[in-house]
Number of protein chains: 2
Amino acid sequence: MREEEPVTIITVAKRAGVSKTTASDALRGSGRVSAETRATVMRVAEDLGYVPNGSARHLRRASTGTIGLHVPEVLTRSSYYMSFVFGVVERAAVNDYDVTLITSGERRARTPRVDGLVLGDPLVGDPVVERLMSARLPTVTCERFPGGRGADGVVLSPHADMVGRLLDHLRDSGARRPALIVAGDESDWAAELHQGYRRWCRANGVPTATRTVPFDAPADQVRAAARELLDARPAPDALVCGPAGAATEVLPVVRAAGREAGRDLLLASCVDTPGMALADPPITSIDLRPREAGAACAELLFDLLNGTAQPGTERVHPIELRPRASTTG
Amino acid sequence: MREEEPVTIITVAKRAGVSKTTASDALRGSGRVSAETRATVMRVAEDLGYVPNGSARHLRRASTGTIGLHVPEVLTRSSYYMSFVFGVVERAAVNDYDVTLITSGERRARTPRVDGLVLGDPLVGDPVVERLMSARLPTVTCERFPGGRGADGVVLSPHADMVGRLLDHLRDSGARRPALIVAGDESDWAAELHQGYRRWCRANGVPTATRTVPFDAPADQVRAAARELLDARPAPDALVCGPAGAATEVLPVVRAAGREAGRDLLLASCVDTPGMALADPPITSIDLRPREAGAACAELLFDLLNGTAQPGTERVHPIELRPRASTTG
DNA sequence: GGCGCGAGCCGGAACGTTCCGGCAACTCAG
DNA sequence: CTGAGTTGCCGGAACGTTCCGGCTCGCGCC
């Protein structure tokens with residue numbers, strides 16, 4: 001009903017009986033303002049429902065108010081990246097930042113107008129990633145960038161250690177010959193999985209049995225890899241699947257091979273997806289907590305942007321093992 | 001290496017030998033500018049890689065450069081909304097707009113600073129939706145808002161008709177007694193499914209058999225509903241699952257009931273999700289094309305914002321049937 | 001009493017864009 | 001030849017914020 005007049009910092013200042021400069025200082029906690037004045041301004045701003053105009057702020061600060069986000073284009077099985085993206089967006093929103101998705105199909109050679117970049121699982125050899133990494137912009141990667149020099153910030157998870165814990169768990173459930181399906185070393189994550197597996201096998205005196213599939217892991221190649229591993233003699237008694245969603249696709253192969261998941265073949269996934277808990281039997285997985293990972297990346301980027309964090313910072317993002325019936329039979 | 005000086009419209013104007021006003025007019029196609037001058041300015045801008053400063057533009061235009069987006073908080077099975085959101089974000093980006101996700105946990109009672117709203121599947125009774133709908137803001141909903149007056153724009157799909165086509169398909173595959181699991185009428189989509197089913201049954205002289213589950217369709221309730229339907233006498237020979245992801249959860253129930261999906265029980269999903277094609281057997285689904293739906297919503301909102309579309313506009317978003325082994329056995 | 005100093009506050013400019021009003025130069029009817 | 005209308009272009013103000021520099025007190029010190 002009532003005509004809506006936008007409430008700017010001047011409205012607040014007038015109402016509080018101070019100048020716009022003082023109001024601004026009071027609200028942002030900068031400058032020299034008495035505690036009393038600050039309290040007054042804050043209260044008035046609250047009363048009026050004042051929300052700073054992001055455009056004006058960013059214009060003044062010569063920042064764009066936007067961060068760029070790139071994730072590998074994995075068509076199916078993308079629930080991990082979906083959650084990751086949401087985590088970034090959510091965290092960016094609390095800093096009044098917006099997120100621009102950078103797709104591989106970007107026709108402009110120019111880097112987009114952004115204050116910084118978040119790169120989820122940068123793959124060595126990805127032309128978009130290479131270009132973005134060489135741009136002079138604050139950059140945070142989720143997992144290390146295997147090629148060349150690193151980013152200004154890295155959020156990483158102890159994948160190798162967690163694979164070790166997963167293999168311990170399989171051993172405790174009776175497995176003696178675990179096999180691994182994993183992506184190539186162009187992603188740091190897959191390389192870590194691979195390394196963790198080899199290390200554990202060496203430490204436990206177990207021969208390795210792995211098959212490599214592409215990072216985007218098409219269903220047929222995953223199934224073929226599983227078949228090969230299951231047909232080998234001596235046959236494995238446990239199967240660890242690296243790529244997201246691969247484990248559920250392997251289930252029919254297991255059945256076709258006359259094995260039963262959770263009974264005479266333990267099955268685990270290195271990426272928890274909605275399908276894992278719903279599979280029959282539910283599949284033990286490593287929960288990478290993608291949403292929190294995305295948020296952590298955004299947070300680190302903002303810390304870098306405002307100087308709270310130093311370039312070269314690495315932060316650890318904890319992940320969790322979710323034991324389910326496929327390994328606890 | 002070279003010091004980067006930001007290229008503004010003044011840079012372009014100077015280089016083209018015109019004033020900033022003329023440069024602005026030429027680039028935006030407004031005002032009175034000779035074709036020759038316009039071409040020159042365009043070329044110079046291209047050469048310099050000029051990108052308009054969004055903050056300045058929005059500040060001047062008194063727009064926020066942001067649209068708000070709300071989708072129901074469906075914790076699992078969210079791949080539909082994930083894609084939907086991406087569609088909105090992608091389409092918004094080409095209009096230099098950003099997207100703010102509005103979560104139900106919004107602590108501020110005030111409506112956020114946005115130029116417009118996109119509401120995906122507004123549920124009647126959702127307090128956030130009710131609040132947003134009553135705000136004086138251009139609003140587009142995906143599917144109609146069952147309660148109260150409609151939004152300024154609606155993007156809708158012919159769900160009822162498509163259910164009819166799906167049932168035709170089941171009948172052609174031999175089904176005589178199709179049953180339905182569907183969400184309640186608080187969402188327009190579920191109501192349409194329900195209505196399409198009843199209409200088809202009436203037209204084909206078939207008795208109806210339905211079970212209602214909550215919109216967020218927890219797995220156990222979906223399974224219970226499926227069990228009830230399968231246990232009924234005479235038993236259905238086809239099962240249509242409304243809620244996203246429900247069909248895959250029903251599979252174990254079907255097996256446990258001694259039926260075989262695709263053989264003596266046809267199974268179909270009203271929402272195609274990544275899991276449907278990967279299930280065993282692959283499940284016939286209705287592809288709602290969520291990404292395109294999101295893009296369509298954003299597009300309609302922008303058309304409303306700049307006057308290209310009139311308030312009250314409804315646009316149809318086409319959907320597609322994906323027949324798979326679960327009904328073509 | 002004069003002076004320096006810091007605390008508290010403020011005016012004005014700037015960020016890059018859009019848009020209103022205006023100013024020349026040209027066209028053309030009368 | 002004159003005056004009105006049109007075309008092409010331009011200067012300046014405004015959007016809401018931040019921040020630089022400066023102002024005015026009051027206080028304490030010599």
Side-chain angles (χ1 to χ4, degrees), chain A residues 4-42 44-45 48-66 95-98 113-115 305-307, chain B residues 4-42 44-45 48-66 95-98 113-115 305-307:
Chain A
E4 51 171 330
E5 86 282 13
V7 35
T8 77
I9 202 166
I10 303 216
T11 325
V12 175
K14 234 173 240 166
R15 187 83 139 241
V18 297
S19 76
K20 60 180 167 32
T21 306
T22 304
S24 173
D25 286 344
L27 290 173
R28 294 200 331 282
S30 65
R32 292 175 303 194
V33 185
S34 73
E36 192 184 5
T37 308
R38 164 156 304 146
T40 309
V41 173
M42 300 273 247
V44 170
L48 294 174
Y50 167 71
V51 180
N53 182 316
S55 297
R57 168 170 292 179
H58 291 305
L59 174 59
R60 178 63 240 243
R61 288 194 181 152
S63 67
T64 63
T66 305
N95 278 41
D96 196 23
Y97 263 81
D98 292 297
R113 276 215 171 173
V114 294
D115 294 340
L305 285 174
N306 65 26
Chain B
E4 51 172 329
E5 86 281 15
V7 35
T8 77
I9 202 167
I10 303 217
T11 325
V12 175
K14 234 172 237 165
R15 187 82 138 240
V18 297
S19 78
K20 59 177 168 35
T21 305
T22 305
S24 174
D25 285 345
L27 290 173
R28 293 200 333 282
S30 65
R32 291 173 306 197
V33 185
S34 72
E36 191 185 8
T37 308
R38 164 158 303 145
T40 310
V41 173
M42 298 273 248
V44 170
L48 293 174
Y50 167 71
V51 179
N53 183 317
S55 296
R57 168 171 293 178
H58 291 304
L59 174 59
R60 179 61 240 247
R61 289 195 181 153
S63 68
T64 63
T66 306
N95 278 41
D96 196 22
Y97 263 81
D98 293 297
R113 275 214 172 174
V114 294
D115 294 339
L305 285 175
N306 65 26

Donor-acceptor pairs are to be reported for all side-chain atoms of residues 52-60 of chain B against protein atoms at under 3.5 Å, with residues two or more places apart or in another chain.
from    : atom 1 : to      : atom 2 : distance (Å)
B/Asn53 : OD1    : B/Ser55 : N      : 2.8
B/Asn53 : OD1    : B/Ala56 : N      : 3.1
B/His58 : ND1    : B/Ser63 : OG     : 2.9
B/His58 : NE2    : B/Asp96 : O      : 3.3

Quick one: does A/Leu27's side chain get under 4.5 Å of A/Tyr50's, heavy atoms only? yes
So B/Thr66 and B/Asp115, do their side chains get closer than 4.5 Å, heavy atoms only? no
Strand-adjacent residues in residues 19-29 of chain A, judged by heavy atoms under 4.0 Å from DNA chain D: A/Lys20, A/Thr21, A/Ser24, A/Arg28
Mind checking what makes side chain to side chain donor-acceptor pair (under 3.5 Å) contact with B/Thr40, not counting sequence neighbours? none
Those residues that, when tested against A/Thr21, pass side chain to side chain donor-acceptor pair (under 3.5 Å) (two or more places apart): none
Side-chain donor-acceptor contacts of residues 11-18 of chain B below 3.5 Å, not counting sequence neighbours, with atom names and distances?
from    : atom 1 : to     : atom 2 : distance (Å)
B/Thr11 : OG1    : B/Thr8 : N      : 2.9
B/Thr11 : OG1    : B/Thr8 : O      : 3.3

If every non-hydrogen atom of B/Val33 is compared with every non-hydrogen atom of B/Ala26, which pair is closest and at what distance? CG2-N, 4.0 Å
Strand contacts (DNA chain C) in residues 8-16 of chain A, 4.0 angstrom heavy-atom criterion: none
When you compare the protein's N or O atoms with those of nucleotides 5-7 of chain D, which come within less than 3.5 Å of each other, and at what distance?
none

Hits for side chain to side chain donor-acceptor pair (under 3.5 Å) against A/Arg61, two or more places apart or cross-chain, chain-then-number order -> none
Base, sugar-phosphate or nothing for A/Thr37? Non-hydrogen atoms, less than 4.0 Å. sugar-phosphate
Partner residues of A/Thr37 under the side chain to side chain donor-acceptor pair (under 3.5 Å) criterion, sequence neighbours left out: A/Ser34
Evaluate the side-chain proximity of B/Asp25 to B/Arg32: yes if any heavy-atom separation is below 4.5 Å, no if none is. no
How many angstroms lie between atom NZ of A/Lys20 and atom CD1 of A/Ile10, to the nearest 0.5 angstrom? 6.5 Å
Where does the chain A footprint on DNA chain C start and end, counting 5' to 3' with a 4.0 Å heavy-atom cut-off? C/dA7 to C/dG16
The helix from C/dG1-D/dC30 to C/dG30-D/dC1: angle between end helix axes, five pairs per end, rounded to 10 degrees: 60°
Does B/Val18 or B/Ala56 map to a spot on DNA chain D nearer the 5' end, using the closest nucleotide for each? B/Val18
